[in-house]
Undergrad: 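Can you keep this structure in mind? I'll have questions shortly.
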There are 2 protein chains.
Amino acid sequence: MSRRTRSRIALKRRARAPLFAALGDDTRLSLVAKLCRGKPRSISQLTRGSKLTRQAITKHLRVLESAGVVRSVRSGRESLFEFHPEPIGELKKYLDLVSEQWDQALSRLKSFVER
Amino acid sequence: MSRRTRSRIALKRRARAPLFAALGDDTRLSLVAKLCRGKPRSISQLTRGSKLTRQAITKHLRVLESAGVVRSVRSGRESLFEFHPEPIGELKKYLDLVSEQWDQALSRLKSFVER
DNA sequence: TCGTTAAGCAACCTCCAGGTTGCAGATTAC
DNA sequence: GTAATCTGCAACCTGGAGGTTGCTTAACGA
């Protein structure tokens, strides 16, 4: 791999950490699970059934929004949150890259042993 | 989706959060990047070129190890860390599940509109 | 054998993520 | 018009994540 390619990957990596971090919380994963399987929901709706306060849920939603996993639109007095799939796709690509590098490393090691 | 299926997914979700969290840090992503593309490395090796202390790096490695992304083997006076690909694969599966649910939700919505 | 190098352990510090309460401003329903 | 509902903002609290320093033990090399 060229140095240029590697630094490009490093650049991508930098951007990925906050995304992973945003998903690294039970409450937020639960919110994503709710939103990815249906229509936009309001904060109050998303708070119902949770043990947390509305404000806590709001904070989590803002984190997800900053990471781009979710988008909010104000509609009257309520703000609706909707799932946004792109970051998830990017994350999958990144994980594919990691797996791919690992496979290449394995085959390099194998050919080295067989030599 | 049946209630049983959904709870199974929720169970899987619980287990995923710590894994996402383990990857939600620049330093740790960088360590994963190094380890996934080569042979096992010692703590000192991994510390070289970093601005952090050996102990800091050690802590990060332990976090990755708890998440299963990495495994350590003691060899003489040094402990070698090696990439372990399974959790990454599980993560990809989980993200696929999320994407899939989103696609289904979209098509449900579409058929509802067209009705 | 002795110096050097690798690692583990423990104490400590700082800061912020995650959560709460309280209040004020819009918007909707009646 | 008034009450109920949805949200935003700000202050505050607390635990743990991330980092450091200092010391000790174990293994290797000359």
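So that the names make sense, note that chain A is the first sequence line, chain B the second, and so on, each numbered from 1.
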Undergrad: Over all heavy atoms of both residues, which pair between A:Lys92 and B:Ser99 is shortest? Give the atoms and the distance, please.
TA: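 What the structure gives for the nearest pair is NZ-OG, 3.3 Å.
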Undergrad: What's the separation between atom CG in A:Leu61 and atom OG in A:Ser42, rounded to the nearest 0.5 Å?
TA: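 Reported to 0.5 Å precision, the distance equals 10.0 Å.
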Undergrad: B:Phe81 or A:Asp25: which one's nearest nucleotide on DNA chain C is closer to the 5' end?
TA: B:Phe81
Undergrad: Please give, in whole Å, the distance from C:dT5 P to B:Ile43 CD1?
TA: 17 Å
Undergrad: Looking at OG of A:Ser79 and CD of A:Glu65, how far apart are the two atoms once the value is rounded to the nearest 0.5 Å?
TA: 8.5 Å
Undergrad: Under 4.0 Å, counting only non-hydrogen atoms across every strand here, what does A:Thr53 touch: a base, just sugar-phosphate, or nothing?
TA: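 Here A:Thr53 touches the bases of the nucleic acid.
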Undergrad: Just report the end-to-end axis angle for the helix from C:dT1-D:dA30 to C:dC30-D:dG1, five pairs per end, to 10 degrees.
TA: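 End-to-end axis angle for the helix from C:dT1-D:dA30 to C:dC30-D:dG1: 30°, rounded to 10°.
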Undergrad: How do B:Ser42 and B:Lys59 order along DNA chain C: which one's closest nucleotide is nearer the 5' end?
TA: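 Checking each residue's closest nucleotide, the 5'-ward one belongs to B:Ser42.
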Undergrad: With a 4.0 angstrom cut-off to heavy atoms of chain B, pull out the first and last contacting nucleotide of DNA chain D, in 5'-to-3' order.
TA: D:dG18 to D:dC28
Undergrad: Distance check needed: C:dA17 C1' versus A:Asp26 CG, whole Å only.
TA: 15 Å
Undergrad: Taking all non-hydrogen atoms of both residues, which atom of B:Lys34 and which atom of B:Arg41 are closest, and how far apart?
TA: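 So the minimum-distance heavy-atom pair works out to O-NE, 4.0 Å.
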Undergrad: Does the side-chain contact (heavy atoms from CB on, under 4.5 Å) test come out yes or no for B:Ile43 and B:Glu78, once each step is laid out?
TA: CA-CA 7 Å; B:Ile43 297 180; B:Glu78 53 189 7; over 6 Å; no
Undergrad: Are any of the side-chain heavy atoms of A:Leu95 and A:Phe20 separated by less than 4.5 Å?
TA: yes
Undergrad: Mark up nucleotides 22-30 of chain C, 5' to 3', with B wherever a protein heavy atom is under 4.0 angstrom from a base atom, S wherever such an atom reaches only the sugar-phosphate, and - elsewhere.
TA: B----BS--
Undergrad: Below 4.5 Å, heavy atoms only, C-beta onward: do B:Trp102 and B:Val98 meet side chain to side chain?
TA: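 Contact flag for B:Trp102/B:Val98 side chains = no.
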Undergrad: Do NZ/NE/NH1/NH2 and the carboxylate oxygens of B:Arg16 and B:Glu90 come within less than 4.0 Å?
TA: yes
Undergrad: Donor-acceptor pair, A:Thr58 side chain versus A:Arg54 backbone, under 3.5 Å?
TA: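 Here the side-chain-to-backbone pair exists.
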Undergrad: Does A:Thr53 reach the main-chain N or O of A:Gln55 with its side chain, forming a donor-acceptor pair under 3.5 Å?
TA: no
Undergrad: Scan A:Arg48 against the nucleic acid and name what it touches under 4.0 Å (heavy atoms): base, sugar-phosphate only, or nothing.
TA: sugar-phosphate
Undergrad: To the nearest 0.5 Å, what is the distance between CG on B:Leu97 and SG on A:Cys36?
TA: 7.5 Å
